[in-house]
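So the structure is just underneath, and the comments pick up after that.
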Amino acid sequence: MEELLNKIIGKYDSGKTIIVGIDGLGGAGKSAITELLKTQLQNSNYYPVVLHIDDFIYPRYIRYDEFKEEWYCYYNIQWRYDYLIKEILLPVREGIEIDKQVELYEKENDLYILEQIKIPQGSILLIEGIFLQRKEIKEYFDYMVYVELPKDIRLSRVINRDTYIGDDKDIKLKYERRYFPAEDKYIKDYCPAENADFVLENI
């Protein structure tokens, strides 16, 4: 982690906000790593801001289209990339300070809540989530981290984590039907481990 921290700091240009992606597949440990980076950056007197790609998704009636395969929906119609780009990524890249209300998805009630987002000039914006190296958004990142972990370990983690889906069998079935095929397509299309600026393995 110290090497990664130094790499990110090395990209920092005082007075300019940089955007760092923490990419990885389900259960790889992206959220934990992002929080650790946030703490370390704060301790080093930087100003990190964390956003999660899961805050920028469509409501359930859109992302679960019963006429399409589940993996297809997850890969192609889950994400509000246009909104994220318009409200956050593009303004930051253009040097505009963010201090406004932004729609963030609330899973419990399947709706959007307005939350005040502040990203002052000179911040380090950490965006955590899956599929961050897709063509739709990759160009907006200044530095890309990929968290890599074997599928069997990731599955054991999500079985313990995603109990809202159901029991172990339900969770495994959903991942095999919805998430894993989409992840396999992402790996095939984008080779994220090979194309990231930094790879964290087996964290």
Side-chain angles (χ1 to χ4, degrees), residues 1-57 79-100 102 104 115-151 153-154 157 183 186-203:
M1 286 297 294
E2 183 177 354
E3 182 183 0
L4 174 57
L5 181 67
N6 290 335
K7 292 282 189 181
I8 293 173
I9 291 173
K11 294 289 293 184
Y12 182 73
D13 180 8
S14 181
K16 177 181 179 294
T17 296
I18 64 168
I19 305 175
V20 178
I22 312 298
D23 186 26
L25 306 181
K30 301 180 297 296
S31 296
I33 289 165
T34 301
E35 285 304 310
L36 181 56
L37 279 173
K38 178 183 176 182
T39 299
Q40 292 179 336
L41 286 166
Q42 288 172 332
N43 291 341
S44 299
N45 298 314
Y46 293 92
Y47 188 88
V49 178
V50 173
L51 292 176
H52 305 277
I53 197 70
D54 283 349
D55 291 329
F56 298 91
I57 63 176
W79 315 100
R80 297 178 80 197
Y81 292 132
D82 290 347
Y83 184 80
L84 173 59
I85 290 167
K86 176 185 175 184
E87 299 296 330
I88 303 290
L89 300 182
L90 186 58
V92 168
R93 288 300 298 267
E94 292 179 344
I96 298 172
E97 182 172 302
I98 304 291
D99 190 2
K100 62 182 177 181
V102 175
L104 301 182
E115 185 168 321
Q116 192 74 18
I117 301 295
K118 185 172 184 179
I119 308 174
Q121 281 297 309
S123 303
I124 297 178
L125 174 58
L126 303 172
I127 298 184
E128 171 272 325
I130 195 169
F131 304 155
L132 297 186
Q133 296 184 63
R134 289 179 60 155
K135 64 182 187 301
E136 292 90 341
I137 56 171
K138 184 178 181 179
E139 67 180 283
Y140 296 97
F141 291 92
D142 299 294
Y143 196 76
M144 184 63 67
V145 180
Y146 184 73
V147 185
E148 188 165 51
L149 198 67
K151 182 182 285 187
I153 300 177
R154 293 191 293 107
R157 286 184 176 184
E183 292 175 352
Y186 178 58
I187 292 172
K188 180 181 178 181
D189 288 352
Y190 292 98
C191 302
E194 289 82 356
N195 290 311
D197 297 299
F198 193 96
V199 177
L200 276 173
E201 295 183 294
N202 300 318
I203 299 298

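- Judged by distance alone, the side chain of Asp23 and the main-chain N or O of Phe131 form a donor-acceptor pair under 3.5 Å.
- Here CD of Glu115 is found 5.0 Å from CG of Leu104. Values are rounded to the nearest 0.5 Å.
- Ile53 approaches Leu84 most closely through the heavy-atom pair CD1-CD2, 3.6 Å.
- Closest approach of Tyr146 to Ala196, counting heavy atoms only: CB-CB, 3.6 Å.
- With rounding to the nearest 0.5 angstrom, the CD1 atom of Ile130 is 14.5 Å from the CD1 atom of Ile22.
- Rounded to the nearest 0.5 Å, atoms CG (Leu200) and CD (Glu3) are 9.0 Å apart.
- Without hydrogens or angle criteria, Asp197 side chain to Met144 main chain gives a donor-acceptor distance under 3.5 Å.
- The local environment of NZ in Lys16 is crowded, with over 12 non-hydrogen atoms from other residues, nucleotides or ligands closer than 6.0 Å.
- Using modelled atom types, no side-chain atom of Asp99 and backbone atom of Lys118 make a donor-acceptor pair closer than 3.5 Å.
- Under the 3.5 Å distance criterion, the side-chain polar atoms of Lys100 are matched with a main-chain donor or acceptor of Glu87.
- In terms of modelled atom types and a separation under 3.5 Å, the side chain of Ser123 and the main chain of Thr17 share no donor-acceptor contact.
- Between Tyr47 and Pro120, the shortest heavy-atom distance links the atoms CE2-CD, 3.3 Å.
- Looking at heavy atoms from C-beta onward, Trp79 lies in side-chain contact with Asp54 at the 4.5 angstrom threshold.
- A tilted orientation is assigned to the rings of Phe56 and Tyr83, their planes being inclined by 30° to 60°.
- A salt bridge between Glu139 and Arg93 is absent, with no side-chain N of the basic residue lying under 4.0 Å from a carboxylate O of the acidic one.
- The two residues Ile88 and Leu51 make their nearest non-hydrogen contact at CG2-CD1, 3.9 Å.
- Side-chain contact between Lys7 and Val145 is absent, with no heavy-atom pair separated by less than 4.5 Å.
- For Ile85 against Glu136, the heavy-atom pair with the smallest separation is CD1-O, 3.4 Å.
- Atoms CD1 and OG, on Ile9 and Ser44 in that order, are 4.5 Å from each other to the nearest 0.5 Å.
- Remark: the backbone N or O of Pro48 is not paired with any side-chain donor or acceptor of Gln42 at under 3.5 angstrom.
- Side-chain contact between Leu90 and Glu94 is present, with at least one heavy-atom pair separated by less than 4.5 Å.
- At a threshold of 4.5 Å between non-hydrogen side-chain atoms, the residues Tyr143 and Ile8 count as touching.
- Side-chain contact between Tyr81 and Leu89 is absent, with no heavy-atom pair separated by less than 4.5 Å.
- Rounded to the nearest 0.5 Å, atoms CZ (Arg157) and CG (Leu149) are 5.0 Å apart.
- Heavy atoms only, all atoms of each residue included: Ile127 and Leu132 are closest at O-CD1, 3.3 Å.
- Side chain of Arg154 to main chain of Ala28: no donor-acceptor pair is present (N/O by atom type, distance under 3.5 Å, no hydrogens or angles).
- In this structure the side chain of Tyr190 reaches within 4.5 angstrom of the side chain of Lys135, judged on heavy atoms.
- Other residues, nucleotides and ligands place more than 12 heavy atoms under 6.0 Å from the CD atom of Gln116.
- Between Tyr186 and Leu25, some side-chain heavy-atom pair lies under the 4.5 Å cut-off.
- At least one side-chain heavy atom of Leu126 sits less than 4.5 Å from a side-chain heavy atom of Leu41.
- Between Glu128 and Lys38 no salt bridge is recorded (no basic side-chain N to carboxylate O distance below 4.0 Å).
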